[in-house]
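Working notes, structure below.
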Amino acid sequence: MAGLRMSVVVSATAFLLGLLFTHWIADSLTLWKSPETQTDVRLWTAATYYTVLMHGPPQLAYVYAGVALLGATTILWSLRDGRAGNLMFDGGSIFLYLTALAVYLYSVLPNLLANFSTLPLPFVNATPATGLLPFPPTLREPTLELASSHLVCSVVLTGVLALQAGRWWAEQADVDEDDDAEDGDGQMRDGDETGIETGAETDKTAEETQSEVRRRDKKAVKVKA
């Protein structure tokens, strides 16, 4: 059961990480860029991506929310065991997991809904040189904040995977120690049984020797008689 729970947590976390990595299409254009290289074309490309994302089918949002809820529920379920490994690794995992959900719910989603859900597609062709309007100053900061928030969520979820890997390694080490202990107990039991059998054979040999001596004594008495 522990292996199943760990598989669910890792699968859900990896799924959410994959979703965040797809945003790198836009985030790579705005994250860690100097003001000199931060052109309107880059910003409009990122804004277009987020706008297309907000115009997607709403059913996908329910799927994403279901996967996120499944991962959080599974980690909380593991904490009910009360084992030291679960409290340490799963306790850290649920903290990081909830941190990622909080950043997404209180920073990313409000930003997307407030700034990118109402932008028209395609953007108006207003300038012959670039084919795009000058990027609105009011959208510059929200676009940069989205990239930063996605990066925070990605790093935090990567920490969840690292903790789950550490838990698996610790459990495997415990299993190996238990196997070694069982092998040692088995060897001790085999040694005890061998000692018992050897002692029994020694006692039997002594009894046979005494019986042989008594038979010889009886024969000697008969000969003398």
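At a threshold of 4.5 Å between non-hydrogen side-chain atoms, the residues Leu31 and Trp24 count as touching. In this structure, Trp44 and Pro134 have side chains that are not in contact, with every pair of non-hydrogen atoms separated by 4.5 Å or more.
By the side-chain contact (heavy atoms from CB on, under 4.5 Å) test, Ile25 is found to be paired with Tyr49, residues two or more places apart in sequence or in another chain being considered.
Across all non-hydrogen atoms, the minimal contact from Phe15 to Val67 is CD2-CG1, 3.5 Å. Scanning all heavy atoms of the two residues, the minimum distance from Leu101 to Ala68 falls at CD2-CB, 3.9 Å. In plain terms, the two heavy atoms of Tyr97 and Gly71 that are nearest each other are OH-CA, 3.6 Å. Heavy atoms only, all atoms of each residue included: Pro110 and Tyr104 are closest at CD-O, 4.3 Å. Of all heavy-atom pairs between Tyr64 and Leu16, the closest is O-CD2, 4.3 Å. Across all their heavy atoms, Val41 and Thr45 have their closest contact at O-OG1, 2.7 Å.
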Tell me which donor-acceptor pairs under 3.5 Å the side chains of residues 148-157 have, and how far apart each pair is, sequence neighbours excluded?
unit_1, atom_1, unit_2, atom_2, d
Ser148, OG, Leu144, O, 3.3
Ser149, OG, Ser107, OG, 3.0
Ser149, OG, Glu145, O, 3.0
His150, ND1, Asp27, OD2, 3.0
His150, ND1, Leu146, O, 3.3
Ser154, OG, His150, O, 2.9

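Under the 4.5 Å side-chain heavy-atom criterion for ILVMFWY residues, a single connected hydrophobic cluster contains both Leu60 and Phe116. Taking hydrophobic clusters as Ile, Leu, Val, Met, Phe, Trp and Tyr residues chained together by side-chain heavy-atom distances below 4.5 Å, Tyr50 does not share a cluster with Leu29.
The CG atom of Leu112 lies 5.5 Å from the CE atom of Met54; values are rounded to the nearest 0.5 Å. Remark: Trp77 CH2 to Arg5 CZ distance equals 5.5 Å, nearest 0.5 Å. Rounding to the nearest 0.5 Å places OG1 of Thr143 at 7.5 Å from CG of Asn111. In this structure, the separation between CE on Met6 and OG on Ser93 is 9.0 Å, given to the nearest 0.5 Å. A distance of 13.0 Å separates CD1 of Ile75 from CZ of Phe95, quoted to the nearest 0.5 Å. Taking CZ of Phe135 as the start and CG of Leu43 as the end, the distance is 4.5 Å to the nearest 0.5 Å.
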With side-chain contact (heavy atoms from CB on, under 4.5 Å) as the criterion, how do Asp90 and Gln164 come out once you've worked through the C-alpha distance, each side chain's angles and the decisive distance to 0.1 Å?
CA-CA 7 Å; Asp90 288 339; Gln164 292 301 311; 3.1 Å; yes
Pair Thr30, Arg42 - check side-chain contact (heavy atoms from CB on, under 4.5 Å), show working.
CA-CA 7 Å; Thr30 59; Arg42 291 176 179 270; 5.5 Å; no
Assess whether side-chain contact (heavy atoms from CB on, under 4.5 Å) is satisfied between Leu53 and His23, documenting all intermediate values. CA-CA 10 Å; Leu53 188 67; His23 300 331; 3.7 Å; yes
- Query: When you look at Leu161 and Val10, which way does the side-chain contact (heavy atoms from CB on, under 4.5 Å) test go after all the steps?
  - Reply: CA-CA 6 Å; Leu161 291 181; Val10 171; 4.0 Å; yes
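Of the possible polar contacts, none joining the Asn115 side chain to the Pro142 backbone as a donor-acceptor pair under 3.5 Å is found.
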